Amino acid sequence: MTGVRVSMTVNGVEYTRDVEPRTLLVYFLREHLGLTGTHVGCDTSTCGACTVLMDGKAVKSCTVLAVQAEGARITTVEGLARDGELHPIQQAFWDEHGLQCGFCTPGMMLAAVDLLQRNPNPTEEEIRHALEGNLCRCTGYQHIVNAVKAASRMMGAAVGAPAGGE
Amino acid sequence: MIPATFEYVRARSVREAISLLQQHGGRAKLLAGGHSLLPLMKLRLSQPEMLIDLGPVDELRGIREEGGSLVIGALTTHDEVANSPLVRERVPLLAECASQIGDVQVRNRGTIGGNLAHADPAADYPAAVLALEAQMECEGPAGSRTVPASQWFVDLLTTALGPDEVLCRVRVPVQTKGQGWSYIKLPHPASGYSLLGVACLVTVDGGVCRDARVAVTGAGPKAVRLTKVEQALVGKRLEEAAVAEAARLASDGLEATDDLYASAEYKRHLAVVYTKRALLRAAERAAG
Amino acid sequence: MAVTQVFGARVRRREDPRLIRGTATYTDDVTLPGLCYAAFVRSPHAHARIRRVDTSRARSAPGVLGVFTMQDLEGKVNPIPCGWQVPNCDLKTPPHPPLARDKVRFVGDAVAVVVAESRAQAYDAAALVEVEYEVLPAVVDMEAALQSTTLVHEDVPHNRVLLWSVKGGDFEAAAREPGVRVVRQRLVNQRLIPNAMETRAATAQYNPGTGELTLWVTSQNPHIARVILSGVLSFPEHKLRVIAPEVGGGFGSKIPVYPEEAVVAHLATRLARPVKWAETRRENYLATIHGRDHITDAEMAVRPDGTVVGLRVRTLANFGAYLSTAAPAIPTILYGLVLSGPYRIPNIECEVTGVFTNTTPTDAYRGAGRPEATYVLERMMDLAARELGLDPAEIRRRNLIPKDQFPYTVATGITYDSGDYARALDRALEILDYPKVRAEQAAARQQGRYLGVGLSTYVEICGAGPSKVVGSTGFAGGLWESAVVRFSPTGKVTVFTGTSPHGQGEETTFAQIVSHELGVPLDDVEVLHGDTDSILMGWGTYGSRTTPVGGTAVYLAAQKVKEKAKRIAAHQLEVSADDLVFENGRFHVRGAPDRGMTIQEVALQAYLAWNLPEGMEPGLEGQANWDPSNFVFPFGTHACVVEVDPETGQVRILRYVAVDDCGRVINPLIVDGQVHGGIVQGVAQALWEGARYDPAGNLLTGSMAEYAVPKASWLPRLECDRTETPTPVNPLGVKGVGETGTIAATPCVVNAVMDALSPLGIRHLDMPLWPERVWRAIRQAKGGAA
């Protein structure tokens with residue numbers, strides 16, 4: 001099977017693998033790199049469970065080919081914590097009960113990180129609007145919104161410190 | 001969920017992309033942000049044998065101002081257009097439109113070139129580029145050519161782009177002082193595409209409308225200008241009654257398709273309502 | 001960590017660290033050496049005979065290890081049984097083969113399975129399986145199905161799967177009472193797609209050496225799956241290990257045992273390699289059960305003062321193409337028996353006709369029967385109010401069961417445990433500021449704006465349940481629950497529960513119970529669930545039973561531990577047990593507080609066994625299998641304010657108020673979360689969701705791009721409050737709360753929209769209240785003018 005060689009940095013570690021071109025980034029992360037924290041929830045690019053940061057921006061990794069991520073810096077949920085210390089978004093989701101079954105949570109948190117980078121002090125409406133690409137069936141979103149607000153407070157007014165894969 | 005097998009090649013320049021398209025004929029498709037193409041491929045509704053990735057082609061990126069227009073590289077993402085200070089200042093209609101495409105993640109990857117080349121009937125950009133009378137700059141084996149927006153959208157998912165051509169840039173005249181504008185849409189609740197979207201650009205002088213451009217997307221097979229509405233506005237003051245009367249013409253002869261969520265009749269009705277609302281918003285902006 | 005009051009505390013969840021770090025293992029995350037992948041070949045036709053299956057091209061495709069049809073499974077994988085065969089309703093139980101044998105009965109019905117080395121190869125090869133179908137007419141509409149000569153199952157005449165009824169009192173007589181009027185309405189409760197964020201998956205591994213078969217599966221009830229699968233696979237139950245690892249939501253859709261799970265488990269034994277299967281979302285829409293799908297003709301007999309004297313209901317319930325595991329009970333037991341809701345309606349009659357159609361099978365979906373009942377009842381209350389010119393809050397108040405009449409037996413024979421319905425109604429109206437909202441509504445109407453206020457007062461039946469009772473309703477099992485609370489020698493506690501939470505937070509709430517009862521720090525308590533190897537037997541998580549039933553079992557097991565610990569402490573401190581006080585995790589002699597032992601010290605002593613009371617066995621653990629005497633009945637009132645845009649028919653929710661009573665609350669944060677999630681699903685049914693089929697049986701809403709699952713920006717902040725009326729049914733006083741939001745919200749929102757449209761003379765609109773539907777009704781009411 002002719003593969004294409006692809007290299008990318010994921011959570012600060014560089015990986016090089018041979019992949020079929022049709023390999024979606026989400027499957028590359030889950031199956032080739034064993035990082036199963038990023039989840040597959042749909043097949044129409046709707047649900048956002050697969051959201052990761054690619055060069056600092058939230059993208060749906062089910063709609064990116066691994067080969068398109070050549071040379072990119074990827075951050076998955078596994079890369080949010082630094083030296084075992086939780087990222088404020090993780091701490092906030094925990095404190096505010098922003099998750100129930102946890103399946104949408106990795107993608108939701110990374111979308112929130114993207115938001116807080118652009119808008120460190122978002123209003124409730126801005127948070128809800130920014131999370132339109134992430135579906136949750138369990139929480140009804142209210143505690144998620146609380147969590148994003150709490151993270152925003154924790155991170156202060158400074159531009160958010162995302163784990164940008166650096 | 002998993003696309004069928006395909007060959008993959010990265011183009012390093014527009015010239016190379018063209019050459020690859022010529023070489024591989026109908027087997028190959030261009031890949032930009034992938035947010036129109038990859039979803040189709042994952043459902044196996046599209047099974048190109050080869051993908052030519054334009055990703056590395058940096059000459060297709062960037063936004064610059066030139067001779068009264070903004071020139072936007074085809075690979076510029078929706079997020080970049082929506083948040084570019086230059087676009088927001090010079091062509092705010094385009095920024096407003098881009099900011100409503102899909103969701104944050106889609107906007108971080110989807111490109112203006114990909115969106116316009118694919119021309120989904122419910123895409124947002126088509127309405128804006130029609131109202132702005134933008135021009136699509138393409139390159140192909142025969143050289144460069146420019147296609148005005150009015151000739152770009154040919155039919156359902158069909159544009160004027162030739163099979164060996166690459167859409168390289170979108171050239172958009174800057175908006176002027178005294179122009180009002182808006183893009184509003186009713187998003188499809190599941191897909192986020194435009195169930196109906198109206199873009200309008202009005203030029204107001206001394207309180208009177210001198211020029212109006214109104215375009216609708218989402219109703220039928222392609223986005224269209226609402227010329228009857230436009231003509232009815234010229235010479236009028238953009239007040240509620242006159243706007244409502246002109247907007248009523250939006251459904252006149254408007255091609256609309258029945259689909260699961262909305263009937264053609266309802267879409268025509270929405271066209272009237274949203275045209276009115278978009279124009280009133282534009283009028284507000286023109287005045288203030 | 002000092003042990004403080006944890007019962008009732010907003011404690012952060014113990015589940016979360018692994019979930020927020022992305023280190024949790026869901027079924028599709030399971031990796032094993034030699035893992036191969038399965039993909040199912042599914043029928044594109046709703047009804048067809050299978051003429052021929054040609055697997056030759058698929059078998060020779062790259063990476064393929066095998067392609068199997070029902071012929072290959074005959075005698076090895078038995079039909080999937082129905083686990084809740086409700087009696088006395090002429091229930092038909094046609095077999096449900098694991099793969100379609102000679103006929104396919106719905107779009108998505110699995111015909112063959114491909115196993116290959118990689119996921120992609122399995123997909124590719126599945127597309128190469130050629131099936132020759134003889135397409136048959138499909139029955140999709142229930143009323144047409146009952147009249148049709150086309151039979152979904154040959155042995156089921158008229159496609160009628162059951163005819164069930166319940167009767168309490170005499171509706172006819174009540175309706176004939178002078179002055180009583182009968183309000184009539186046809187109500188459709190549309191089919192819904194559960195959409196748990198994780199689609200279904202199964203990973204199976206067989207060890208030929210030990211003869212053990214392990215199945216990781218997205219199940220809400222691994223023990224039930226194990227029992228059923230051991231029969232389906234003719235595999236000894238004690239050698240079958242079923243593990244529900246992290247499960248990404250269920251809402252009832254992961255209760256049933258499905259054909260794919262049985263087939264995957266079988267393939268692992270056949271190929272002697274671990275096999276994984278994971279649904280795509282579009283597959284999930286076809287092959288995972290749907291919910292609701294009723295058509296009801298309702299009649300409510302009501303006196304001029306608003307007293308409801310009777311409710312008679314005839315319902316058609318769509319079962320889809322096959323009987324799913326719990327399906328027969330949903331539109332019967334869990335529906336008809338609670339039709340009187342929180343009201344003193346003395347005459348209830350309900351007749352339900354279950355219908356087979358060529359559509360995806362239906363089963364329990366959040367609320368399972370109770371949302372359907374509450375929708376009927378609460379819409380009829382509003383319609384009655386309207387016909388009588390009564391305020392909708394007032395008509396409810398006049399009919400609510402008063403608080404001093406509990407336990408209260410309703411007309412259908414169910415006994416409600418405890419309640420103070422009027423208090424919840426009052427509280428909701430207070431939070432809403434009902435008079436002010438009505439005044440705002442009137443002012444808005446003057447300006448041509450359409451505001452509406454909706455209410456729903458509800459009670460629901462959950463916490464299943466008393467085994468004898470459920471057994472008598474045809475459930476092929478008990479609904480007691482198991483718990484083991486075990487100290488380790490170093491004083492840590494492990495709790496084993498037969499429930500199977502998948503987001504509901506019982507790893508935390510059960511730890512709170514134990515921490516509270518045994519005085520151990522919360523961090524020293526570990527709650528385990530989901531693995532049939534470590535938990536003898538249990539019945540799983542659904543129907544809001546986990547805390548009332550499972551939590552009680554945990555509590556009782558903890559009491560046994562405390563009892564034994566006390567006797568050991570008494571013995572070692574040389575006093576009688578009555579002279580001991582237990583406080584903050586320590587036993588001490590009454591009046592001599594420095595003479596004592598911590599419970600951890602007692603635990604160590606229990607395992608050392610150097611000095612135990614005569615005849616006492618070493619160790620310190622307690623087991624309790626608790627069978628409740630009754631279900632439990634949470635209740636409340638929801639209220640909302642909506643605005644309808646008359647130009648487009650769009651509905652916007654301006655305010656949503658919920659006052660719910662689930663008895664005593666162990667963790668308010670978790671309870672709030674359950675209420676929020678439930679409300680959003682209930683609102684979604686009213687306004688946005690609905691599975692649609694075309695006449696040929698194709699699912700038109702075939703993906704998340706067509707079926708509208710709510711997004712964060714669609715709702716305002718929910719205003720939630722609580723009352724707390726403990727239940728006498730269990731010692732904790734807790735009721736369930738996982739489904740109340742869904743049950744209450746749907747009619748609340750529909751009532752609000754209809755209230756907004758009432759000045760236009762629009763009486764009723766079916767759900768979902770999509771903009772076009774509302775717009776057309778407005779247009780028609782205004783005589784055609786847009």
Side-chain angles (χ1 to χ4, degrees), chain A residues 1 20 22-23 27 30-31 34-47 49 76-81 86-87 89-91 93-106 108-109 124-125 127-145, chain C residues 10 12-13 15-26 28-29 31 62 118-120 194-199 246-251 278 280-283 502-505 669-670 672-681 703-706 709-715 717-718 720 741:
Chain A
M1 174 58 57
E20 279 189 85
R22 63 173 170 166
T23 307
Y27 283 120
R30 289 177 53 77
E31 296 181 346
L35 295 168
T36 57
T38 305
H39 299 140
V40 174
C42 77
D43 42 21
T44 47
S45 312
T46 313
C47 79
T76 69
V77 60
E78 291 96 336
L80 278 175
L86 294 177
H87 186 286
I89 198 70
Q90 291 171 302
Q91 186 66 50
F93 266 70
W94 193 8
D95 292 340
E96 298 294 328
H97 187 34
L99 62 149
Q100 291 179 25
C101 82
F103 198 76
C104 77
T105 308
M108 191 72 74
M109 291 191 300
E124 167 127 7
E125 199 182 318
I127 295 171
R128 288 178 181 270
H129 184 61
L131 295 180
E132 280 173 351
N134 293 78
L135 296 179
C136 173
R137 202 53 164 161
C138 291
T139 67
Y141 300 107
Q142 194 140 312
H143 287 159
I144 290 177
V145 174
Chain C
R10 280 175 54 104
R12 277 186 332 195
R13 293 200 326 169
E15 291 86 337
D16 290 357
R18 64 187 188 263
L19 298 172
I20 59 181
R21 286 175 190 277
T23 56
T25 302
Y26 294 82
D28 196 14
D29 300 339
T31 60
S118 79
R119 197 188 298 260
N195 272 289
M197 288 315 298
E198 179 204 29
T199 55
E246 217 68 57
V247 173
F251 313 111
T280 65
R281 179 61 64 180
R282 286 199 316 162
E283 235 183 321
H502 41 282
Q504 295 90 341
L669 203 48
I670 288 179
D672 284 344
Q674 292 300 305
V675 171
H676 295 164
I679 288 171
V680 172
Q681 283 184 291
S703 77
M704 277 183 168
E706 290 101 25
V709 173
K711 302 183 185 5
S713 55
W714 293 6
L715 281 116
R717 186 147 279 266
L718 306 171
C720 299

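Numbered from 1 within each chain, the chains take letters A, B, ... in sequence-line order. Keep in mind that this is a model prediction, so the values were computed, not measured.
For the pair A:Tyr141 and A:Leu131, the minimum side-chain heavy-atom distance is 4.5 Å or more. The shortest distance between side-chain heavy atoms of C:Arg13 and C:Leu19 falls below 4.5 Å. The shortest distance between side-chain heavy atoms of A:Tyr27 and A:Val40 falls below 4.5 Å. Contact check for A:Asp95 versus C:Arg12: side-chain heavy atoms found under the 4.5 Å cut-off.
At a 4.5 Å heavy-atom cutoff, C:Ala278 makes no contact with chain A through either its backbone or its side chain. C:Thr199 touches chain A through its side chain: at least one heavy atom from C-beta onward sits under 4.5 Å away, while N, CA, C and O do not. With a 4.5 Å cut-off on non-hydrogen atoms, C:Leu669 touches chain A through its backbone and its side chain both. Interface residue C:Glu198: backbone and side-chain heavy atoms are both found under 4.5 Å from chain A. Of the two parts of A:Glu124, only the side chain, counted from C-beta on, holds a non-hydrogen atom closer than 4.5 Å to a non-hydrogen atom of chain C. For chain A, the nearby parts of C:Pro710 are the backbone and the side chain; heavy atoms of each come within less than 4.5 Å. At a 4.5 Å heavy-atom cutoff, C:Val675 makes no contact with chain A through either its backbone or its side chain. In this structure, chain A has no heavy atom under 4.5 Å from any part of C:Arg18.
Counting only distance, with no hydrogens or angles, the side chain of C:Arg281 and the backbone of C:Ser703 share no donor-acceptor pair below 3.5 Å.
Per-residue counts of heavy-atom pairs under 4.5 Å with chain C were compared for A:Asp43, A:Thr23, A:Val77; the largest is that of A:Asp43. Most heavy-atom pairs under 4.5 Å with chain A, from the set C:Leu715, C:Asn195, C:Thr23: that is C:Asn195. Taking A:Thr76, A:Ile144, A:Thr44 one by one and counting their heavy-atom pairs under 4.5 Å with chain C, the maximum is reached by A:Thr44. Chain C forms the most heavy-atom pairs under 4.5 Å with one residue out of A:Ala49, A:Ala130, A:Gly102, and that residue is A:Gly102. Contact count versus chain A (heavy atoms, under 4.5 Å) is highest, among C:Gly22, C:Ser713, C:Gly248, for C:Ser713. Most heavy-atom pairs under 4.5 Å with chain C: of the set A:Cys136, A:Cys101, A:Gly140, A:Gly98, this distinction falls to A:Cys101. Most heavy-atom pairs under 4.5 Å with chain C, from the set A:Val145, A:Thr139, A:Leu99: that is A:Leu99.
Considering CD1 of C:Ile20 and CD1 of A:Ile89, their distance stands at 10.5 Å, rounded to 0.5 Å.
Residues that satisfy the ring pair (Phe, Tyr, Trp, His ring centres under 6.0 Å) test with A:His143, not counting sequence neighbours, are A:His97, C:His676.
A:Gln100 and C:Gln674 share a donor-acceptor pair across their side chains, judged by distance under 3.5 Å alone.
Here the closest non-hydrogen pair linking C:Phe251 and C:His502 is N-NE2, 4.4 Å.
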